Amino acid sequence: MVKVAILGASGGVGQPLSLLLKLSPYVSELALYDIRAAEGIGKDLSHINTNSSCVGYDKDSIENTLSNAQVVLIPAGVPRKPGLTRDDLFKMNAGIVKSLVTAVGKFAPNARILVISNPVNSLVPIAVETLKKMGKFKPGNVMGVTNLDLVRAETFLVDYLMLKNPKIGQEQDKTTMHRKVTVIGGHSGETIIPIITDKSLVFQLDKQYEHFIHRVQFGGDEIVKAKQGAGSATLSMAFAGAKFAEEVLRSFHNEKPETESLSAFVYLPGLKNGKKAQQLVGDNSIEYFSLPIVLRNGSVVSIDTSVLEKLSPREEQLVNTAVKELRKNIEKGKSFILDSS
Ligand code: NAI
């Protein structure tokens with residue numbers, strides 16, 4: 001049985017994520033933590049008659065929250081507002097993630113850490129460097145959650161294909177189409193690289209292909225704009241985060257993944273196929289990249305590089321652009337920890 005902790009559980013992402021995980025058969029104990037209101041949210045969810053117990057902790061109880069936790073999700077921090085990019089959030093969220101990951105290193109050093117807070121491209125390096133400094137880092141245990149990009153890519157691929165062929169709107173066709181796309185790279189703007197694995201669909205999309213790429217890369221902006229200052233994706237993020245967490249939890253039971261192309265933003269050195277991935281993206285020094293992962297016992301044991309071996313010239317272009325931006329994002333995160341005493 002697995003104890004799951006959510007840090008930042010009272011937020012727009014945190015609350016629906018907590019609800020979805022309260023419904024998961026893979027969770028035995030759900031521990032909710034926030035600097036505000038988590039006790040009440042925990043009490044509320046504890047009345048739901050699923051198998052798990054649920055407790056919300058006050059801001060001084062991080063140790064109790066994390067004690068014996070095997071999976072820790074971090075959606076704590078400020079979301080995007082109009083005019084703010086994910087990178088603008090860096091200054092606000094870097095310190096929050098550093099302090100929360102320090103607590104995980106101290107009170108739950110073997111926990112798998114799922115970083116949802118943005119900017120993922122910089123905050124995952126912060127989590128990794130923090131744990132390295134503490135001597136508690138295990139490469140397969142830190143995952144940046146990029147699954148919303150895949151969820152969006154699956155939705156948008158069907159949307160665009162339906163413009164050409166409305167029949168694709170039928171449920172069975174939709175599910176089949178979902179399996180034909182994956183997303184790699186990073187988790188902001190041009191670092192997000194949707195890859196349509198069935199190239200005949202690229203041909204079918206025709207002129208809509210470029211629209212599709214752009215919409216996956218900048219889909220988050222649609223929500224920020226429509227919410228008119230009230231924040232960014234919360235419900236779709238909670239869905240994507242819960243789906244991702246469930247795959248991690250299923251792997252504790254050796255169950256086959258439901259999503260074949262599940263990706264995460266991971267630290268490549270030290271992971272099986274990590275070096276190969278670096279070579280294939282054309283930069284041996286790039287330490288982080290989102291790629292399809294293989295999970296065992298809750299941890300990433302290897303990376304599936306097959307998608308990088310069959311890139312089209314347009315996709316290679318997207319990878320090159322992404323790598324340039326990613327290098328800067330990663331460096332920013334690393335320096336935040338390495339330059340501090
Ligand atoms: P929100 O402002 O509604 O919630 C954030 C929560 O974090 C608040 O309840 C706040 O009290 C809490 N918090 C702040 N400092 C904390 C600390 N030191 N310890 C514990 N809790 C703390 O924001 P929202 O909309 O829930 O977004 C949360 C984060 O998730 C943002 O950084 C956002 O950019 C990110 N996000 C990531 C996505 C992804 O695809 N990875 C998609 C959507 C959002």
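Just so it is clear, the model here is predicted, and its values are computed rather than measured. Start at 1 and go down the list; that is how both ligands and their atoms are numbered. For the numbers below, each heavy atom of this structure counts, side chains included, while hydrogens, waters and symmetry mates do not.
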Atoms of ligand 1 close to [X] [distance to a heavy atom under 4.0 angstrom, numbered from 1]:
X: L89; value: 34 (O)
X: N93; value: 32 (O)
X: A233; value: 43 (C), 44 (C)
X: M237; value: 38 (C), 39 (C), 40 (O), 41 (N), 42 (C), 43 (C)
X: L100; value: 19 (N)
X: V145; value: 41 (N)
X: T234; value: 25 (O)
X: V120; value: 41 (N)

For this session: Determine, using the 4.5 Å side-chain heavy-atom cutoff (strictly less than), whether L20 and I41 are members of one ILVMFWY cluster.
Result: no

Does the separation of the ring centres of [X] and [Y] fall below 6.0 angstrom?
X: H187; Y: F265; value: no
X: Y160; Y: Y209; value: no
X: Y267; Y: F137; value: yes

Problem set entry | Of R250, E246, E247, the residue whose pairing with Y26 passes side chain to side chain donor-acceptor pair (under 3.5 Å) | R250

For this session: Please name the residue in the list R152, K227, R215 that meets the side chain to side chain donor-acceptor pair (under 3.5 Å) test with E222.
Result: R215

Exercise. Can you name the one residue among L73, L7, I6 that meets side-chain contact (heavy atoms from CB on, under 4.5 Å) with I116?
Worked result: L73

Neighbour count >12 (heavy atoms, 6.0 Å) for atom [atom1], [X]:
X: K243; atom1: NZ; answer: no
X: K272; atom1: NZ; answer: no
X: N320; atom1: CG; answer: yes

Problem set entry | Donor-acceptor pair between T321 and E190 side chains, under 3.5 angstrom | no

Problem set entry | Expected output: side-chain S122 to main-chain P119 donor-acceptor under 3.5 Å | no

Problem set entry | Heavy-atom nearest neighbour of atom 5 (C) of ligand 1 within options A76, G77, G8 | G77

Seminar exercise, completed: Heavy-atom proximity to atom 4 (O) of ligand 1 ranks first, among G11, A103, S232, A230, for G11

What part of [X], side chain from CB on, backbone N/CA/C/O, both or neither, has a heavy atom under 4.0 Å from ligand 1?
X: H187; result: side chain
X: D149; result: neither
X: P79; result: both
X: I35; result: both
X: N147; result: neither

Seminar exercise, completed: So salt bridge (charged side-chain N to carboxylate O under 4.0 Å, His left out) across residues 277-306, not counting sequence neighbours, yields D283-R327, E287-K334

Considering distance alone, does some N or O of [X] sit under 3.5 Å from an N or O of ligand 1?
X: D34; answer: yes
X: Y33; answer: no
X: V13; answer: yes
X: S117; answer: no
X: V78; answer: yes
X: L148; answer: no
X: G14; answer: no
X: I96; answer: no
X: L7; answer: no

For this session: Check if G231 has a non-hydrogen atom at a distance under 4.0 Å from any atom of ligand 1.
Result: no

For this session: Establish, for the pair K332 and F90, whether the NZ or CZ atom is under 6.0 angstrom from the six-membered ring centre and no further than 45 degrees off its axis.
Result: yes

Seminar exercise, completed: With sequence neighbours left out, the residues meeting salt bridge (charged side-chain N to carboxylate O under 4.0 Å, His left out) with E63 are none

